[in-house]
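The block underneath contains the structure these notes are about, expressed in structure tokens.
Each chain gets a letter, A, B and so on, in the order the sequences are listed, and its residues count up from 1. These numbers come from the heavy atoms of this one structure, side chains and all, not from hydrogens, waters or symmetry mates. Model, not experiment: these values are computed from the prediction.
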Number of protein chains: 2
Amino acid sequence: MTVRSRTGYALDRTVKKGIPLARETRERVLRTARDLVHGASLAEVGIEEICAEAGVHRGSLYHFFPSKDALGLAVLDANWDLMRAMLDEAFQAAVEPLDRIDRFIQGFGRMLGLMRQKMGTTPGCPLGGLTAELSAQPGPGRDRAQAVLEEWAGYFSGAVHEAQVRGQVSRSVDPHAAALRILAFVQGMALLAKVYDRPDRVVATRETIRALIAAD
Amino acid sequence: MTVRSRTGYALDRTVKKGIPLARETRERVLRTARDLVHGASLAEVGIEEICAEAGVHRGSLYHFFPSKDALGLAVLDANWDLMRAMLDEAFQAAVEPLDRIDRFIQGFGRMLGLMRQKMGTTPGCPLGGLTAELSAQPGPGRDRAQAVLEEWAGYFSGAVHEAQVRGQVSRSVDPHAAALRILAFVQGMALLAKVYDRPDRVVATRETIRALIAAD
DNA sequence: CCCTTTCTTGACTGTCCGGTCAAGAACGGG
DNA sequence: CCCGTTCTTGACCGGACAGTCAAGAAAGGG
């Protein structure tokens, strides 16, 4: 893969570290930060560490992100983009509503397995750990964390509601409450997967999800 | 409450901060560290902060704990002691097996509510966050975290098994698997409670727990 | 009362942290 | 080709960090 640039020093860096073309710096920083934070936590990852790994100078990072907190929020959003992509792939209209949830959970488990191979250890949920960290005090971090979880739950509650319309789930079930049960279960399973270093622990069976929906 | 000591300087401290009697220092440090870590994370809490809050000097802390990592392990054990006390209170032989689980979850939710009052914000599960943090890499931290979760799950699986003996739960259910489902669900609910700052979110209904057990 | 063990004190080290800045290079519209 | 904007560079700051240490005080057994 060849990279073009008229920037002398940029080209030099390119040869050594790869692709710090002007407008890509922000994305490089964000992606690097996302990966490092996923493997540890925001508090454990230093600005300098991110810069070194991304092949970028401190000043450049602070040109795009006013503070570490702001970077943390951006990482949360980036992780949510990732998760939403997985959700969109699983939640296709052609698939039966409840099967969409199963498909997502399968995909989520596969992702953790891949991360384990890549990083040598099983990370937790990219959103779970970060939302917890950002929610330690009230403020924009917690607000954003709530919004993200709410959006995530929306995927589940939508599927449950659609299943009700199709007569596959009792009308007495509150779709949003059911969605929160599923979300909680997925988060908890991700935690166990991390602690036990066994990604297959995440893969909840169809039966468990069905039971969780019906349990009102 | 009066404190006695022949130590001049210790008495002075006592007046200002309370009770640094010789043999109690270790416990004071541990309790303070536990509280601070529960409100944030191990990485976010500094040694100096712990010392200041506990009214103890750095050297004293390092006399009892060889490193911050060792202190982290001690905090995990202290938190497990706390959780075990709650479990023991709920899991009394006189109570129906499945009701023990409900009792524990009620108690757990009450505790989060109290912590919210005390700290101004809802903390996560004292064990969940710490086990996740200590499990980021293989090593003694993760080993201990696994052992703790396994012991915790043992309470649940024991109750499920006893319920099977009494004919209240199908024999086809694997008690240990059911226990892990409950544990995951509790952890996930604690996470949601923290992010939403709503401790009542933890209180899973009897129905949910029953469904989780049967979902095999 | 003495003497060994246990604990406390407070100053110290070197490192790494998040964040700043001024100067200059690259970029891109006109 | 010029010029204002955008981005990069690398040195710099004050403070906080984990961890160390020697000297001395308290504790406790004999």
*asked:* Go nucleotide by nucleotide along DNA chain D from the 5' end; which of B:G59 and B:Y62 gets its closest nucleotide reached first?
replied: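 Looking at DNA chain D, the more 5' nearest nucleotide goes with B:Y62.
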
Rounded distance in Å - [atom1] ([X]) to [atom2] ([N]):
X: A:K68; N: D:dA16; atom1: NZ; atom2: P; value: 16 Å
X: B:L42; N: D:dC17; atom1: CG; atom2: P; value: 13 Å
X: B:I47; N: D:dT20; atom1: CD1; atom2: P; value: 11 Å
X: A:I50; N: C:dC17; atom1: CD1; atom2: C1'; value: 12 Å
X: A:F65; N: D:dC7; atom1: CZ; atom2: P; value: 12 Å
X: B:H63; N: C:dT5; atom1: NE2; atom2: P; value: 13 Å
X: A:E44; N: C:dG18; atom1: CD; atom2: C1'; value: 17 Å
X: A:F64; N: D:dT5; atom1: CZ; atom2: C1'; value: 13 Å

_First encountered from the 5' end of DNA chain C, between A:S60 and A:E49_ =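 Residue closer to the 5' terminus by nearest nucleotide: A:E49.
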
_Quick check: any donor-acceptor pair below 3.5 Å linking the side-chain of B:R58 to the base of C:dG10?_
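Side chain to base: no pair below 3.5 Å.
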
*Hey, does the side chain of A:T25 come within less than 4.0 Å of D:dT8's phosphate (OP1/OP2), counting only N and O?*
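Indeed, a polar side-chain atom of A:T25 lies that close.
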
*asked:* Taking only side-chain N and O atoms of A:H57, does any of them lie within less than 4.0 angstrom of OP1 or OP2 on D:dG10?
replied: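 The answer is yes; a side-chain N or O of A:H57 sits under 4.0 Å from OP1 or OP2.
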
Under a 3.5 Å distance rule, please check whether [X] uses its side chain to pair with a backbone N or O of [Y] as donor and acceptor.
X: A:Q187; Y: B:M189; answer: no
X: A:H38; Y: A:G124; answer: yes
X: B:R103; Y: B:F91; answer: no

*Measure the CG-CG distance between B:N79 and B:L127 for me, rounded to the nearest 0.5 Å.*
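If I round to the nearest 0.5 Å, the distance is 5.5 Å.
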
